[in-house]
*Asks:* 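This structure is in structure tokens; I'll ask about it shortly.
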Amino acid sequence: MSTTKTCGKLPPTINYSMVHSNSLNLVVAVLAMAVFVGCKRDEVQVYDVPKEKEMPAMQASPAATGPAQIKWQTPVGWTELPAGQMRVASFSVKNKDNQEAQTSIIPLPNLAGKDLENVNRWRGQIGLEPINASILATQKLTVTIAGMDGQLYDMAGTPPDQNQATRILGAILNREGMTWFIKMTGPDALVASQKSTFIDFLKNLSFASAPQTNATPTPRPTEQTMSAPATESSAAKPTWKTPESWKQLSPGPMQVAKFQSAVENGASAEITVAVFPGDVGGTLANVNRWRGQIGMPAVQEADLGKVTEPLDLGGNKAILLDMISEQTKTRMIAVIVPKAGQTWFYKLLGQDSTAGREKDAFLKFVQSAQ
């Protein structure tokens, strides 16, 4: 049995520009969100299933002509799960041993050309070492996604906090300023057995343009509401005391500000600032995303106190982490600042000695935010 689903999205109320690595290195992630228009229910019958639901997706840019929609057919054996957070659609499939793999569809704007960062973020999630661009080129498979060429990455490893091999099938499609991530994650053998079904699922995806309307959009219920990270133009950007030795650069995707430290011995550090609504998955998710970006294993909730420390920013409680990867000799110093329903991310990244040299200046920079 197969069902067709349609997902529409609203223009974001705010636009933005981030941290990554890779997000979302962001990863990971991430993440971006806009208040959705309520979607109407269509009566679409596919293989005798009478009803379909519409799930909102985020708009690529304010200039886009009409909200884009993504439609899918749920494969036999898959169960649709509630959407939410950044997911516009989510699915589950189980084997005879009741092991579960999940598939998600997540759209994020302006991430074209970031495949390496996202693949390394995924690799970090399952305990694999980062790879470089030349190796990445040998591992991608061109697949059809909604009638267009996309990339599929297949990787398997064992997460540091687990004893079971995990496989990720990660597909990436860039379309009209939006990057669509379709990812299946679960036990190695289960995901491997679903690979051909997953590829067919990608092929059967489709996009359509929703009709224009002058009516005032009605927000969907809270659990299905998404909002996009704020940009400099829509969020109150702090003023900082920037070290004279730092050079201001153009912010990258999902970034509010970006700087480069002075070059010494041929090396410099990169400093980025980003802001998102909410907690963006929580402290543990962000810490593990960053650890994965520099080739470090994930930690569990109980170990967060060992890798982070509180930081007082004039009465505003923040979280500081200082990580050094023995594998890559990379050091990341980051500060997470929850404030007024948003979370600010400050990140210093560079070689161990370079980042260490800039740590004091970086912390003073964060503390100077007004």
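Below, all heavy atoms of this structure are taken into account, side chains as well, without hydrogens, waters or symmetry copies. The first residue of the sequence shown is numbered 1, and numbering continues consecutively from there.
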*Asks:* Between the side chain of Asn132 and the main-chain N/O of Ser134, is any donor-acceptor distance below 3.5 Å?
*Replies:* yes
*Asks:* Taking Asn265 for the side chain and Ala267 for the main chain, is one N or O donor matched with an acceptor at less than 3.5 Å?
*Replies:* no
*Asks:* About how many Å separate OG1 of Thr354 and NZ of Lys359, when rounded to the nearest 0.5 Å?
*Replies:* 15.0 Å
*Asks:* Shared ILVMFWY cluster between Leu363 and Trp344, side chains joined below 4.5 angstrom?
*Replies:* yes
*Asks:* Tell me if a side-chain donor or acceptor on Asn120 pairs with a main-chain N or O of Ile131 at a distance below 3.5 Å.
*Replies:* yes
*Asks:* Is a donor on one side and an acceptor on the other found under 3.5 Å between the side chain of Asp303 and the backbone of Val299?
*Replies:* no
*Asks:* Quick one: does Arg291's side chain have a donor or acceptor within less than 3.5 Å of a partner on Pro297's backbone?
*Replies:* yes
*Asks:* Tell me, do Trp72 and Glu80 make a side-chain contact under 4.5 Å, heavy atoms counted?
*Replies:* yes
*Asks:* Given side chains that start at C-beta, do those of Phe181 and Thr179 come closer than 4.5 Å, heavy atoms only?
*Replies:* yes
*Asks:* Given side chain to side chain contact (heavy atoms under 4.5 Å, CB included), test Val191 with Leu169 step by step and report yes or no.
*Replies:* CA-CA 8 Å; Val191 174; Leu169 296 176; 3.6 Å; yes
*Asks:* Are Ile319 and Leu304 connected, step by step, through hydrophobic side chains (Ile, Leu, Val, Met, Phe, Trp, Tyr) whose heavy atoms are closer than 4.5 Å?
*Replies:* yes
*Asks:* CZ of Phe91 to CE of Met184: how many Å apart, nearest 0.5 Å?
*Replies:* 10.0 Å
*Asks:* One pair to check against side-chain hydrogen bond (donor to acceptor under 3.5 Å, both in side chains): Glu117 and Gln293. What are the steps and the verdict?
*Replies:* CA-CA 8 Å; Glu117 295 177 359; Gln293 289 173 10; over 6 Å; no
*Asks:* Does any part of the side chain of Thr103, heavy atoms only, come nearer than 4.5 Å to the side chain of Ile182, both counted from C-beta?
*Replies:* yes
*Asks:* If you look at every heavy atom in Pro130 and Gly292, which pair is closest and at what distance?
*Replies:* CG-O, 4.5 Å
*Asks:* About how many Å separate CH2 of Trp246 and OG of Ser268, when rounded to the nearest 0.5 Å?
*Replies:* 12.0 Å
*Asks:* Using 0.5 Å steps for rounding, measure from the CD1 atom of Ile105 to the CG atom of Leu205.
*Replies:* 5.5 Å
*Asks:* Does any non-hydrogen side-chain atom of Thr166 lie less than 4.5 Å from one of Asp188?
*Replies:* no
*Asks:* Compute whether any side-chain donor of one residue and acceptor of the other, for Ser92 and Glu100, lie under 3.5 angstrom apart.
*Replies:* yes
*Asks:* Using only atom types and a distance under 3.5 Å, with no angle test, would you say the side chain of Asn98 pairs donor to acceptor with the backbone of Lys94?
*Replies:* no
*Asks:* Side chains of Tyr346 and Trp240, heavy atoms from C-beta outward: is any pair under 4.5 Å?
*Replies:* yes
*Asks:* State, to 0.1 Å, how close Ala269 and Leu348 come at their nearest heavy-atom pair, and which atoms those are.
*Replies:* CB-CD1, 3.5 Å
*Asks:* Could you tell me whether Asp312 atom CG has more than 12 heavy atoms of other residues or ligands within 6.0 Å of it?
*Replies:* yes
*Asks:* Side-chain contact test, heavy atoms from C-beta onward, threshold under 4.5 Å: evaluate it for Trp290 versus Leu321 and give yes or no.
*Replies:* yes
*Asks:* Does any non-hydrogen side-chain atom of Ile271 lie less than 4.5 Å from one of Phe362?
*Replies:* yes
*Asks:* Which atom pair, heavy atoms only, marks the closest approach of Gln99 to Pro187?
*Replies:* CB-CG, 3.9 Å
*Asks:* Can you tell if the side chain of Leu320 reaches within under 4.5 Å of the side chain of Ile333, non-hydrogen atoms only?
*Replies:* yes
*Asks:* Arg331 and Gln351: side chain to side chain contact (heavy atoms under 4.5 Å, CB included), yes or no, with the steps?
*Replies:* CA-CA 6 Å; Arg331 185 171 183 177; Gln351 295 177 1; over 6 Å; no
*Asks:* What heavy-atom pair brings Phe259 and Ala257 nearest, and what distance separates the two atoms?
*Replies:* CE1-CB, 3.9 Å
*Asks:* Give the cluster check for Val256 versus Leu313: same hydrophobic cluster or not, with ILVMFWY residues linked at side-chain heavy-atom distances below 4.5 Å.
*Replies:* yes
*Asks:* Got more than 12 heavy atoms from elsewhere within 6.0 Å of CD, Glu129?
*Replies:* no
*Asks:* Distance-only criterion, 3.5 Å: show the donor-acceptor pairs between side-chain atoms of residues 139-156 and protein atoms not counting sequence neighbours.
*Replies:*
residue	atom	partner	partner atom	Å
Tyr153	OH	Asp115	OD2	3.2
Asp154	OD1	Arg167	NH1	2.5
Asp154	OD2	Arg167	NH1	3.3
Asp154	OD2	Lys195	NZ	3.0

*Asks:* Could you grab the distance from atom OG1 of Thr272 to atom CG of Leu349, nearest 0.5 Å is fine?
*Replies:* 8.0 Å
*Asks:* List the steps, then state whether side chain to side chain contact (heavy atoms under 4.5 Å, CB included) holds for Ile106 with Trp180.
*Replies:* CA-CA 6 Å; Ile106 298 176; Trp180 292 81; over 6 Å; no
*Asks:* What is the distance from atom CD of Glu301 to atom CG of Asn288, rounded to the nearest 0.5 Å?
*Replies:* 9.5 Å
*Asks:* Could you go step by step and tell me if Ile168 and Ile126 meet the side chain to side chain contact (heavy atoms under 4.5 Å, CB included) rule?
*Replies:* CA-CA 8 Å; Ile168 291 176; Ile126 56 175; 3.9 Å; yes
*Asks:* With hydrophobic residues grouped by side-chain heavy-atom distances under 4.5 Å, do Ile172 and Ile135 end up in a single group?
*Replies:* yes
*Asks:* What's the shortest heavy-atom distance between Ala262 and Glu358, and which atoms?
*Replies:* N-OE2, 4.4 Å
*Asks:* With hydrophobic residues grouped by side-chain heavy-atom distances under 4.5 Å, do Val307 and Ile336 end up in a single group?
*Replies:* yes
*Asks:* Taking all heavy atoms of Val337 and all of Ala318, pick out the closest pair and write down the distance.
*Replies:* CG2-CB, 4.0 Å
